[in-house]
There are 2 protein chains.
Amino acid sequence: MQTELLIHADWVLPVDTSNATLEQHSLAIADGRIAALLPRGEAEAQIDSAKTLDLPGHVLIPGLINAHTHSPMTLLRGLADDLPLMTWLHEHIWPAEGRWVDQEFVADGTRLAVLEMLRGGVTCFNDMYFHAETTARVCAEAGMRLLAGMIVVDFPTRYADSADEYLRRGLELHAHYRDHPLVRPAFAPHSTYAVSERPLARVRTLADELEVQVHVHLHETRDEVLRVLREHGERPIARLDRLGLLGPQLVAVHMTQLEEAEIARLAETGAHVVHCPESNLKLSSGFCPVADLLDAGVNVALGTDGAASNNDLNLLGEMRSAALLAKGVAGRANAVPAEQALRMATCNGAKALGLEEEIGSLDVGKAADIVAVDLGDPHTQPMYRPCSQMVYAASSHQVRHVWIRGRQVLRDGAPLTLDPPAIINAARQWGERIAED
Amino acid sequence: MQTELLIHADWVLPVDTSNATLEQHSLAIADGRIAALLPRGEAEAQIDSAKTLDLPGHVLIPGLINAHTHSPMTLLRGLADDLPLMTWLHEHIWPAEGRWVDQEFVADGTRLAVLEMLRGGVTCFNDMYFHAETTARVCAEAGMRLLAGMIVVDFPTRYADSADEYLRRGLELHAHYRDHPLVRPAFAPHSTYAVSERPLARVRTLADELEVQVHVHLHETRDEVLRVLREHGERPIARLDRLGLLGPQLVAVHMTQLEEAEIARLAETGAHVVHCPESNLKLSSGFCPVADLLDAGVNVALGTDGAASNNDLNLLGEMRSAALLAKGVAGRANAVPAEQALRMATCNGAKALGLEEEIGSLDVGKAADIVAVDLGDPHTQPMYRPCSQMVYAASSHQVRHVWIRGRQVLRDGAPLTLDPPAIINAARQWGERIAED
């Protein structure tokens, strides 16, 4: 077999159906896809590769998938901390966004986010923000995979002045990116409290027509649920269910407030949940019942949320927080074991984003979205189980190499498609302007 | 003023009484102590220093204090995960320790722990393990500050065969290190379930006599509390109170099960609590009511616990977990704000360990235990508040320089008193031996 690159690694966690850890295996890339995954001896005998890369002490994992973020909000990182969701949103974040968010803000904020995520082994993210066409352009240029949110809210911003206008701009984005190899559009109605019934119903119709996912904040806090119940006579999940939005296209983010029947209904309809443990803790939003959802058969992915409520986009750390918190919340130490946490950060994310045929595991034929992590640091020694070290001990700075669709975007920890000094300089300038205001 | 070293930094978080963030300040070191902390211009005018170090983009903080760990357990990192406390202890950890723990294990495990902690900005730790004289020797050689636990349990190990023998070995350690500049002994009776009443009473008498702290696992799980209640007719805290052990010498670790009256009693007696959020989550031990304890006036410090139940010794990450988890548990997003979390990891730790006159803040006259962190990474940009970036976004690999008692032990991320390749090699060999067993 002829391939472009053959990578030898001490360990591979393919996150396929088996939860296996492969030792001394080799992964071959050709035409942007995984061409082979074989024991090293067999690979060396069978594969004629243009390039080889030997990675002793490294583990290969599928690229991490950040299934919920607002990437340009990196520019608001640390602006307002230690506040509950509604105070934080109404008194700090929305005013700052109203004042500052334009295409330039989104371009610079997205670049900072993509730089941070590539360095941390994230190869795909699901974004919800204004000026998504700018986020899409930055990702396409950087070689980053993106589910670009066609955002919808009722209130006017500098981006659009009505729900119809948001939808119109979203459809433009869709027309532009529908066949792009890395950027895929998805509807992103903000929430059932910020988007009224008519635009939600239109999202439903259009999502069916265009066959795209629908990404929404749902049951994030008790206040949200009570408010929608008071104003509309039904809980947010019931509202989406009535509108026909509860199904495999739904990417429901947060879900800290769930009754048993709601969990059963999520499982029945095939809706996906994105768990954002650090944001939920930081805003004191509540605890998502992750172990119960998984036990019921619901697909649960992981997201960092935006950097203003986390405050990083480190999915490796989020995976660890998810594994730890689930045990505390479920009251049993075998809840979300390491292998399950890694699945949530990879193949479950791919499923939620409707990309499971393409990414999420190191199966032959899938896109070569691959991360190599050096486990030689003192805090990941000695080595009993690579998956345990990845989830419970490794840090994102141990991510050494990243490929997306077969293209190397990080080499020895350095990004190949971005200019870090320029990005950091632009972020500093935004920080100074916003702080002075 | 003549000093040995003058450090210029963009920001200083002195963690003194004020919660201030100082900009463009300089810190001078002489005779192992902080000789001055002044605005840069004043420092340059007044101080004649043998050496200067310019650290643009860095923040100086007091050395982090890991107030509870079992350092040699780094060698068991990842051996057994996703199990509850008692299964984990009885079926995995205690058998492995019985088989393997000797002086060589303790020396190699402590070195790995000290390497990890120095790289992560920890300058002092409170340890509980067998062969503590070996841990003390390793720390003295590495220039690391240590509260060395004179461990006591009822059951025999290769270290000692009875509670009396543990105490005898502890007193030997005390005699050797009582006047050491970095190593200070403390009693470390394991818990009220592993140490019976007579040795606990002796610890009380000896601790008063020798004026040392008493470090104990307390109310770690509901099972522990119920078992002691069943066997002794009182809850563990009540037992220690009756024995006269509840007071400013007590360093009570975990404390996930607390009634209101117990919190009041802790506050009244001046006992210290060490919160280990990640270990409590991982073993599903329960949630320490940190915000309630702080509100009641109890001093709460932070610990990582051992690497077999965390699985790292990263106190910076633990500080973040503590700040996030406290909000979720208290149900309010202003619980344990960033400044409070930093205090828990520094001056509260110093108080708990009886070292508040010596370390825990960057006050003039205290020992120069200082950490410089580079906040120039993408994930700590832009800069609104340095304390927010330290607690909610910084990673331990951003720790660049560490001084303990004025001696530099980490320079540009590289340890000056330890041999990393030899330490990692020894850890690998232990890992292979233990895994084969």
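- Inspection of non-hydrogen atoms places A:Ile424, A:Ala427, A:Arg428, A:Trp430, A:Gly431, A:Ile434, A:Ala435 of residues 419-435 of chain A under 4.5 Å from chain B.
- Top candidate by heavy-atom pairs under 4.5 Å with chain A, chosen from B:Gly317, B:Ala330, B:Ser284, is B:Ser284.
- Proximity to chain A is limited to the backbone of B:Leu283, based on heavy atoms less than 4.5 angstrom apart.
- Interface check for chain A: of the options B:Pro277, B:Ala307, B:Gly328, the most heavy-atom pairs under 4.5 Å are formed by B:Gly328.
- Donor-acceptor pairing under 3.5 Å is lacking for the side chains of B:Asp377 and A:His397.
- For A:Asp374, the salt bridge (charged side-chain N to carboxylate O under 4.0 Å, His left out) test picks out no residue, with sequence neighbours left out.
- Classification of A:Asp81 and B:Arg385 as a salt-bridged pair holds, one side-chain N sitting under 4.0 Å from a carboxylate O.
- Options B:Asn314, B:Asn311, B:Leu75, B:Leu76 differ in how many heavy-atom pairs under 4.5 Å they form with chain A, and the most are formed by B:Asn311.
- Between the side chains of B:Glu116 and B:Thr74, no donor N or O sits under 3.5 Å from an acceptor N or O.
- Both the backbone and the side chain of A:Gln381 come within less than 4.5 Å of a heavy atom of chain B.
- Defined by atom type and a distance below 3.5 Å, a donor-acceptor pair is missing between the side-chain atoms of B:Ser279 and B:Asn310.
- Using modelled atom types, one finds no donor on one side chain facing an acceptor on the other under 3.5 Å when comparing A:Ser395 with B:Ser395.
- With sequence neighbours left out, the salt bridge (charged side-chain N to carboxylate O under 4.0 Å, His left out) criterion links A:Glu278 to B:Arg320.
- Applying the side-chain contact (heavy atoms from CB on, under 4.5 Å) test to A:Asn334 and every residue at least two apart in sequence or in another chain returns A:Arg332.
- In summary, A:Lys327 and B:Asp82 engage in a salt bridge, as defined by a charged side-chain N under 4.0 Å from a carboxylate O.
- Of the two parts of B:Arg222, neither the backbone nor the side chain holds a non-hydrogen atom closer than 4.5 Å to a non-hydrogen atom of chain A.
- Comparing B:Val329, B:Leu79, B:Leu313 by how many heavy-atom pairs each has under 4.5 Å with chain A, the most go to B:Leu79.
- Side-chain polar atoms of B:His254 and B:Asn280 form a donor-acceptor pair below 3.5 angstrom.
- Comparing A:Ala80, A:Pro337, A:Gly286, A:Ala113 by heavy-atom pairs within less than 4.5 Å of chain B, the highest count is held by A:Pro337.
- The candidate from A:Arg119, A:Met117, A:Met383, A:Gln398 with the greatest count of non-hydrogen atom pairs under 4.5 Å with chain B is A:Arg119.
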